Amino acid sequence: MSVRVRFAPSPTGYLHVGNVRTALFNWFFVRRNGGSLVLRIEDTDVERSERHYEDQLLEDLRWLGINWDEGVDVGGYVGPYRQTDRFPLYREKVQQLLSNGRAYHCFCSREQLEEDRKKQLAEGRSIRYVGRCRGLDAKESEECLKQGRQATIRLRVRPGTVAFEDLVFGLIEVDTDNVGDFILLRSDGSAQYNLACVVDDSMMGITHVIRGEGHISNTPRQILVYEALGLPVPKFAHLSTILGPDGAKLSKRHGATSLAEIRQLGYLPEAVVNYLALLGWAPPEDGAEILSPEEITSVFDFKSVNVNPATFDLKKFNWVNRSHLKECPLPRLFNLAAPFLERTGLVGTSSSPEIQSWIEELLSVIVSYLDRLEDLGKETEFLWNFDPESDLSDSKALEILGDSAAIGVIRSFCQELEKTGAGAVSYQIYKEAVLGVMKSTGTKGKGLFRPIRLAITGKTFGPELDKIIPIIEKGSQLTLQTEIPGVLDRVRSILGELDLR
RNA sequence: GGCCCCAUCGUCUAGAGGCCUAGGACGCCGGCCUCUCACGCCGGUAACACGGGUUCGAAUCCCGUUGGGGCUACCA
């Protein structure tokens with residue numbers, strides 16, 4: 001029998017790191033073993049479910065590169081794939097349970113149930129339905145129903161134990177004494193999660209249920225429903241919870257935890273896939289940790305999935321992202337970087353081929369400085385934010401200017417450049433100018449290069465000057481959204497500002 | 001309260017009774033490179049939660065304690 005798995009999110013919010021990992025592990029497993037991935041929308045919580053969350057969810061999954069074979073948008077032969085469209089199916093199954101005596105109507109009020117719970121808690125016993133309506137015979141139920149009394153339908157839980165072999169957690173066994181007759185159908189006729197889940201998984205032919213650890217305790221309940229319905233029980237694999245740095249379950253207050261936010265910050269999809277895979281799964285035999293989705297898929301196995309809750313570590317996530325950024329081909333990097341460069345005002349929404357190749361050159365120089373694309377702002381600041389007045393007020397800049405020779409170096413550098421005829425500053429001209437400054441001022445090393453860097457970029461940090469100069473010069477000749485001054489103009493403005501002081 | 005699950009460096013993990021003087025990765029610290037901040041390279045720091053067993057031998061098996069998490073809902 002071929003493998004069938006499903007990812008079944010609720011459209012009650014944005015796709016979260018925890019859900020993403022669940023989706024990913026389903027995807028790894030099914031692509032490794034062959035078979036189909038079904039995307040089902042669990043929107044039975046009508047109050048909290050919203051359509052735009054569903055749209056965003058699909059969009060996020062596609063961005064990650066997860067592809068599914070059947071689902072709410074692509075269809076399939078075991079649909080519908082949205083639970084609110086499946087209510088008749090659930091009622092049908094409950095009818096079956098009712099008629100074979102495995103389920104019964106319950107007329108207990110919420111108040112009564114609440115009281116039962118309080119009492120059980122006080123007596124230190126398991127909190128579970130007391131079974132008040134369990135003994136009602138068909139006639140009595142009929143009678144109550146006729147009176148128009150609100151009723152839920154509960155599963156008649158059998159005595160004994162329920163056991164299953166979890167692919168990750170191993171053998172789990174529970175005494176049904178601790179379960180109690182739980183609700184299958186609510187009084188408004190809608191299906192409770194455990195019922196809907198079982199009916200869907202079984203009708204959709206799911207062979208492996210891969211989901212979050214939180215569902216471990218639900219699994220015995222669901223197995224009981226499979227049994228009552230006479231359906232085969234699938235295999236289960238539960239994934240540990242992802243925690244925030246404070247040890248609490250990862251949530252919004254830990255920062256960017258939704259995929260939407262992560263995208264905004266400029267993480268690559270393959271980096272998200274890679275890092276999340278490393279949370280709870282280890283590559284075989286101490287292998288490399290930077291892996292492409294394909295590489296992960298080709299070796300993925302639940303045997304190497306860990307049971308411990310994993311803490312999301314931003315530093316390592318950044319390292320993974322940086323590693324993938326460095327491998328990213330320039331044309332693709334250009335496309336990814338474009339929106340982030342737009343934010344700086346340097347370039348507009350569309351770029352000419354000249355501008356594109358200029359940006360690609362820029363990217364090739366600064367890519368290894370980036371943890372994420374958002375850092376492009378700071379790393380390209382020397383281009384779009386050249387402002388002698390404020391640049392020279394920076395404390396590090398003042399420190400450099402504190403050296404008595406610094407201003408002389410800048411002045412001399414300017415003169416050397418002007419000697420060449422005030423044209424474009426090529427790498428060659430720059431080199432010769434530096435040599436000239438060395439000779440005339442007798443400075444070298446720090447005392448030489450730090451003032452020059454300051455004069456050209458206005459900044460005290462940045463990539464190697466050799467690499468930056470051609471970029472600045474080329475950029476000054478392009479029609480950018482924010483025009484940038486060439487090297488000589490920059491040096492002159494810095495000098496002008498210095499003279500004012 | 002009851003039930004279930006979990007417990008190795010700060011973090012992710014390797015580890016299925018002797019290969020463990022506990023390995024790798026990120027981080028951190030130090031060095032090298034260097035005009036700077038980074039990148040890169042090299043080196044270092046750092047863990048079996050605790051207490052009992054079992055065994056010739058335990059990170060590994062069993063029990064308990066402690067600490068986390070989950071379920072116990074007419075949420076999913």
Side-chain angles (χ1 to χ4, degrees), chain A residues 8-10 12 42-45 47-49 83 106 108 110 113-114 117 120-129 150-154 166 169-170 172-175 177-180 182-188 190 192-194 196-197 211-221 238 240-241 243 245 247-249 275 278-290 304 306-320 322 326 366-371 375 378-379 396 400 434 444-454 457 459-466:
Chain A
S10 298
T12 54
E42 306 214 326
D43 57 349
T44 55
D45 185 352
E47 296 278 298
R48 297 193 300 146
S49 294
Q83 285 188 328
C106 170
C108 297
R110 289 172 202 254
L113 295 172
E114 185 51 39
R117 270 193 287 272
Q120 285 168 337
L121 195 62
E123 289 170 7
R125 289 187 291 137
S126 267
I127 295 175
R128 35 169 276 203
Y129 179 56
Q150 291 267 301
T152 59
I153 294 171
R154 290 183 184 272
D166 189 279
F169 283 83
I172 292 171
E173 202 170 2
V174 179
D175 193 318
D177 273 355
N178 299 304
V179 177
F182 57 94
I183 289 174
L184 298 172
L185 217 58
R186 296 187 272 250
S187 54
D188 65 358
S190 64
Q192 196 269 341
Y193 169 71
N194 286 310
C197 187
R211 74 229 300 193
E213 185 186 3
H215 291 289
I216 281 189
S217 318
N218 278 322
T219 306
R221 269 176 262 276
H238 289 94
S240 70
T241 318
L243 272 22
K249 196 171 169 180
Y275 179 65
L278 256 20
L279 245 35
W281 171 82
E285 314 202 354
D286 276 356
E289 293 190 337
I290 298 301
S304 34
N306 211 77
V307 292
N308 307 336
T311 305
F312 190 90
D313 181 20
L314 193 64
K315 291 254 177 66
K316 185 149 184 176
F317 184 30
N318 283 343
W319 171 74
V320 170
R322 195 167 68 226
K326 278 188 253 187
I366 62 176
V367 67
S368 59
Y369 288 69
L370 306 171
D371 278 344
D375 299 340
K378 181 168 173 51
E379 297 303 336
K396 289 240 173 63
I400 290 168
V434 169
K444 56 179 184 176
K446 282 186 192 191
L448 174 65
F449 286 99
R450 287 166 73 175
I452 290 179
R453 165 179 296 282
L454 187 63
T457 68
K459 303 288 175 276
T460 56
F461 59 90
E464 292 159 62
L465 285 170
D466 295 7

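In what follows, every heavy atom counts, from backbone to side chain, and hydrogens, waters and symmetry copies are set aside. Only a predicted model underlies this, so the values are computations on that prediction, with no experimental measurement involved. Residue numbers begin at 1 in each chain, while the letters A, B, ... track the order of the sequences.
- Comparing A:Glu289 and A:Phe169 by the nucleotide of RNA chain B whose heavy atom lies nearest to each, the residue mapping closer to the 5' end is A:Phe169.
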- Give the B/S/- string for nucleotides 69-76 of chain B, one per nucleotide from 5' to 3', where a protein heavy atom under 4.0 Å of the base yields B, of only the sugar-phosphate yields S, and otherwise -. SBSSSBBB
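- Taking every heavy atom of both residues into account, A:Tyr129 and A:Cys106 meet most closely at OH-SG, 3.3 Å.
- Spacing between atom CH2 of A:Trp319 and atom P of B:rU11 amounts to 18 Å, rounded to whole angstrom units.
- Here the C1' atom of nucleotide B:rU13 and the CH2 atom of A:Trp281 are 12 Å apart, to the nearest Å.
- In this structure, A:Asn306 does not reach the B:rU8 phosphate: none of its side-chain N or O atoms is under 4.0 Å from OP1 or OP2.
- At whole-Å resolution of the value, CZ in A:Arg450 and P in B:rA38 are 13 Å apart.
- At the heavy-atom level, A:Pro463 lies under 4.0 Å from base atoms of the strands shown.
- Within 4.0 Å (heavy atoms only), A:Leu278 reaches sugar-phosphate atoms of the nucleic acid but no base atom.
- Between A:Gln83 and A:Ala196, the shortest heavy-atom contact is NE2-CB, 3.6 Å.
- The two residues A:Gly212 and A:His238 have their closest heavy-atom pair at O-CD2, 3.3 Å.
- Between B:rC12 and A:Thr311, a contact under 4.0 Å exists linking OP1 or OP2 to a side-chain N or O.
- For the atom pair OG (A:Ser240) and CD1 (A:Ile216), the distance works out to 9.5 Å, reported to the nearest 0.5 Å.
- Under the Watson-Crick or G-U wobble criterion, with both distances below 3.5 Å, B:rG43 is paired with B:rC29.
- Electrostatic pairing of A:Glu289 and A:Lys316 counts as a salt bridge here, judged by a charged N lying under 4.0 Å from a carboxylate O.
- Rounding to whole angstrom units, NZ of residue A:Lys315 and P of B:rA38 are separated by 13 Å.
- As a whole-Å value, the separation of A:Asn318 CG from B:rU11 C1' is 14 Å.
- Proximity of A:Asn308 to the phosphate of B:rC6: no side-chain N or O atom is located under 4.0 Å from OP1 or OP2.
- Among the atoms of the strands shown, base atoms are found under 4.0 Å from some heavy atom of A:Glu464.
- For B:rG40, one of the phosphate oxygens OP1 or OP2 lies less than 4.0 angstrom from a side-chain nitrogen or oxygen of A:Lys326.
- Across the P atoms, B:rG18 and B:rA76 are found 48 Å apart, a figure rounded to whole Å.
- B:rG64 is paired with B:rC50 under the Watson-Crick or G-U wobble criterion, all donor-acceptor distances under 3.5 Å.
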